[in-house]
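I have placed the structure first, in the form of structure tokens, so that the comments after it can refer back to it.
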Amino acid sequence: MSAFKSDFMRTVHERGMVHQCSDAARLDALLSSGVRTAYIGFDCTADSLHVGSLLQIMMLRWWQKCGHKPIVLMGGGTTKIGDPSGRDETRQLLTDELIAANMAGIRRVFDKYLTFGTGTTDAAMVNNADWLDELRYIPLLRDVGRHFSVNRMLTMDSVKLRLERDQPLTFLEFNYMILQSYDYVELWKRHKCMVQMGGSDQWGNIIMGADLGRRLESAELFALTTPLIATSSGAKMGKTAAGAVWLNAERVTAYDFWQYWRNVEDADVGRFMRTFTELPMDEVARLEKLQGAELNEAKKILATEITKLCHGAAAANEAAETARRTFEEGALAESLPTVDLPRARLEGGLPAFELFADAKLAESRSEARRLIKGGGARVNDKPVASDTATVSLADADSEGRIKLSAGRKRHVLVRAV
């Protein structure tokens with residue numbers, strides 16, 4: 001690791017953020033001799049990114065912090081097709097209007113992590129619809145398609161896995177890797193972008209793009225991928241009983257986001273500190289050695305540091321303080337996630353299992369019943385006696401609020417309106 005001369009290569013390698021890199025020594029030399037440009041592509045399938053994209057975002061952030069220019073490529077064009085990678089079914093086709101709305105939501109995520117502008121190292125957000133929408137089919141087949149071997153395309157994981165599972169792969173999706181490769185060439189031509197980064201499942205697609213750039217433009221292009229992140233127990237990152245952990249506050253509150261990181265498995269604390277925070281490595285080494293109650297303090301630091309980057313310091317500190325008051329003092333904190341419920345539904349009494357499901361503390365009513373039967377459900381810090389118990393306005397405070405808890409760490413305020 002110490003052999004790297006460039007700040008970027010040294011940083012991301014010592015933090016364990018690199019899975020594969022094409023000609024790492026040559027890339028290191030180029031990064032040491034001037035400002036370089038790299039990109040990562042993100043399709044606009046939702047109005048926010050989630051925790052599963054956080055490692056890629058951090059790669060772009062470190063790229064900029066180390067003195068280089070990051071490009072966020074928005075898939076305004078490729079979203080119309082859908083990336084088949086890691087999927088067993090065809091993605092739902094989205095309208096242009098919905099793609100534009102999703103793109104605007106994703107931009108708000110990146111505004112927290114990158115500095116955009118017109119300077120040499122300022123980040124740029126680019127939309128591949130700017131060139132893909134203008135392509136003509138016959139010229140594309142003749143000038144670009146002839147460089148792609150169907151034999152090789154069939155070996156790509158995004159195609160091979162779908163075929164092995166006997167799941168349909170449309171001709172539309174089959175074209176995705178060609179357009180992704182073309183994106184790389186276009187970014188080289190427009191911005192002299194020489195590095196494409198992405199998850200390890202994108203390695204084959206990125207290499208094909210670099211090869212296309214060499215064939216069409218005699219360009220020297222590089223591929224750099226990150227490991228696919230899973231928890232120590234093998235669970236996929238960013239998935240909870242309540243759904244995906246989104247990066248926009250409209251989707252997941254700063255408090256719930258903080259709680260997600262506070263509750264990570266013990267074995268993941270050091271690794272997540274390296275990849276998702278900017279804490280110095282010696283501090284990471286110290287914190288990950290802690291045990292027992294002290295490790296819980298390290299988890300709070302982890303949660304606060306990651307939340308600062310995603311939601312800002314004020315929101316992160318408020319979330320940490322809310323957690324402290326809620327768990328250490330039993331206070332009914334103002335900033336707990338709040339769910340509004342029509343007052344009429346509570347007037348006659350509402351089954352507790354129904355209320356817990358509506359508050360997203362359980363995925364379904366049957367799961368809420370199991371939570372109650374297992375003794376994990378509380379109303380105003382008191383255990384729910386049985387799955388037939390009801391909750392009514394009599395349980396609300398003077399402001400019409402009822403505190404629901406699932407286990408010790410997940411809490412919601414239900415407010416009668």
Exercise for review: Evaluate salt bridge (Lys or Arg N to Asp or Glu O under 4.0 Å) for Arg343 paired with Glu347, printing each intermediate quantity in order.
Suggested key: CA-CA 6 Å; Arg343 180 175 292 269; Glu347 285 177 345; 5.5 Å; no

Exercise for review: Any chance you could lay out the side-chain hydrogen bond (donor to acceptor under 3.5 Å, both in side chains) test for Ser218 and Arg215, step after step, and finish with the verdict?
Suggested key: CA-CA 6 Å; Ser218 299; Arg215 291 169 181 268; over 6 Å; no

Point to revise | Working for side-chain contact (heavy atoms from CB on, under 4.5 Å), residues Ser386 and Lys373 | key: CA-CA 6 Å; Ser386 73; Lys373 289 178 178 178; over 6 Å; no

Exercise for review: Could you go through the side-chain contact (heavy atoms from CB on, under 4.5 Å) check for Val126 and Val72 one step at a time?
Suggested key: CA-CA 6 Å; Val126 178; Val72 181; over 6 Å; no

Practice item. Could you give me the CA-CA distance, side-chain angles and deciding distance for Met208 and Met177, then say whether side-chain contact (heavy atoms from CB on, under 4.5 Å) is met? Key: CA-CA 8 Å; Met208 290 178 79; Met177 68 181 78; 3.8 Å; yes

Exercise for review: Please report the C-alpha distance between Arg410 and Asp256 in whole Å, then the side-chain angles of each, then the deciding distance to 0.1 Å, and finally whether the salt bridge (Lys or Arg N to Asp or Glu O under 4.0 Å) criterion is met.
Suggested key: CA-CA 8 Å; Arg410 296 176 58 218; Asp256 282 341; over 6 Å; no

**Study point:** side-chain hydrogen bond (donor to acceptor under 3.5 Å, both in side chains) assessment of Asn205 paired with Tyr184
**Key:** CA-CA 10 Å; Asn205 291 347; Tyr184 200 173; over 6 Å; no

Practice item. Take Arg251 and Asp47 through the test salt bridge (Lys or Arg N to Asp or Glu O under 4.0 Å) and record every step on the way to the result. Key: CA-CA 9 Å; Arg251 287 268 201 156; Asp47 60 2; 2.8 Å; yes

Review point. Between Trp258 and Ile306, is a side-chain contact (heavy atoms from CB on, under 4.5 Å) present by the stated rule, with each step listed?
Key: CA-CA 8 Å; Trp258 189 94; Ile306 298 179; over 6 Å; no

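Aromatic ring centres of Phe110 and Phe42: separated by under 6.0 Å.
Within the 4.5 Å cutoff, the side chain of His50 has no heavy atoms near those of the Ser48 side chain. Between Ser22 and Leu224, every side-chain heavy-atom pair lies at or beyond the 4.5 Å cut-off. Side-chain contact between Glu217 and Val185 is present, with at least one heavy-atom pair separated by less than 4.5 Å. Contact check for Pro70 versus Tyr39: no side-chain heavy atoms found under the 4.5 Å cut-off. Looking at heavy atoms from C-beta onward, Glu305 lies out of side-chain contact with Phe276 at the 4.5 angstrom threshold. Counting heavy atoms from C-beta on, the side chains of Asn102 and Leu94 come closer than 4.5 Å. For the pair Thr11/Met17, no side-chain contact is recorded, criterion being any heavy-atom separation below 4.5 Å from C-beta on. Counting only heavy atoms from C-beta outward, the side chains of Val391 and Val414 never approach each other to under 4.5 Å.
Partners of Trp203 by ring-ring contact (aromatic ring centres under 6.0 Å, His included), not counting sequence neighbours: none found. Listed by chain and residue number, nothing satisfies the ring-ring contact (aromatic ring centres under 6.0 Å, His included) test with Phe356 (two or more places apart in sequence, or in another chain). For Thr231, the side-chain contact (heavy atoms from CB on, under 4.5 Å) partners are Ser233, Ala235, Met237, Glu265, Asp268, not counting sequence neighbours. Among residues two or more places apart in sequence or in another chain, the side-chain hydrogen bond (donor to acceptor under 3.5 Å, both in side chains) test is passed with Ser6 by Asp28. Under the side-chain contact (heavy atoms from CB on, under 4.5 Å) criterion, Ala298 pairs with Val269, Met273, Leu287, Leu290, Leu295, sequence neighbours left out. Under the rule for a side-chain hydrogen bond (donor to acceptor under 3.5 Å, both in side chains), the partners of Glu283 that lie at least two apart in sequence or sit in another chain are Arg286. Every residue meeting the side-chain hydrogen bond (donor to acceptor under 3.5 Å, both in side chains) condition with Gln56, not counting sequence neighbours, appears here in chain and number order: Thr226. Residues that satisfy the side-chain contact (heavy atoms from CB on, under 4.5 Å) test with Asn128, not counting sequence neighbours, are Leu73, Thr78, Trp131, Leu132, Asp183. Annotation: ring-ring contact (aromatic ring centres under 6.0 Å, His included) contacts of Phe8 (sequence neighbours excluded): Trp63. Remark: Arg378 pairs with no residue by the side-chain hydrogen bond (donor to acceptor under 3.5 Å, both in side chains) rule, at least two apart or across chains.
Between Arg214 and Glu220 there is no salt bridge, since no side-chain N of the basic residue sits under 4.0 Å from a carboxylate O of the acidic one. A salt bridge links Glu278 with Arg61: at least one charged nitrogen is closer than 4.0 Å to a carboxylate oxygen. In this structure, Glu14 does not pair ionically with Arg274, as no charged nitrogen and carboxylate oxygen lie closer than 4.0 Å. Salt bridge status for Arg370 with Asp387: absent, with no side-chain N to carboxylate O gap under 4.0 Å.
Scanning all heavy atoms of the two residues, the minimum distance from Ile71 to Leu60 falls at O-CD2, 4.1 Å. The two atoms that bring Gly119 and Lys69 nearest to each other are O-NZ, 3.6 Å, heavy atoms only. In terms of heavy-atom proximity, Leu30 sits nearest to Arg36 at O-NE, 2.8 Å. Of all non-hydrogen atoms in Asp43 and Gly75, the two that sit nearest each other are OD1-CA, 3.5 Å. The heavy-atom pair separating His411 from Pro337 by the smallest distance is O-CD, 3.7 Å. Here the closest non-hydrogen pair linking Leu404 and Ala359 is CD1-CB, 3.9 Å.
The main-chain N or O of Ile301 is never found under 3.5 Å from a side-chain atom of Thr304 such that the two would form a donor-acceptor pair. Although no hydrogens or angles enter the test, the distance criterion places no donor-acceptor pair under 3.5 Å between the side chain of Gln20 and the main chain of Ser200. Remark: the backbone N or O of Arg271 is paired with a side-chain donor or acceptor of Thr275 at under 3.5 angstrom.
Atom CD of Gln196 sits about 10.5 Å away from atom OG1 of Thr225, to the nearest 0.5 Å. Once rounded to the nearest 0.5 Å, the distance linking CD1 of Ile402 with CG of Leu341 reads 8.0 Å.
Of the N and O atoms on the side chains of Gln180 and Gln202, at least one donor lies less than 3.5 Å from an acceptor on the other residue. Side-chain N/O atoms of Thr307 and Trp261 include no donor and acceptor closer than 3.5 Å. No side-chain donor from either of Thr37 and His191 sits under 3.5 Å from a side-chain acceptor of the other.
Sorted by first then second residue, the salt bridge (charged side-chain N to carboxylate O under 4.0 Å, His left out) pairs that include residues 94-109, not counting sequence neighbours, are Lys80-Asp96, Arg107-Asp111, Arg108-Glu250. Listed by first and then second residue, the salt bridge (charged side-chain N to carboxylate O under 4.0 Å, His left out) pairs that reach into residues 116-129 come to none, sequence neighbours excluded.
A cation-pi arrangement is present between Arg369 and Phe353 under the rule of less than 6.0 angstrom and at most 45 degrees off the ring axis.
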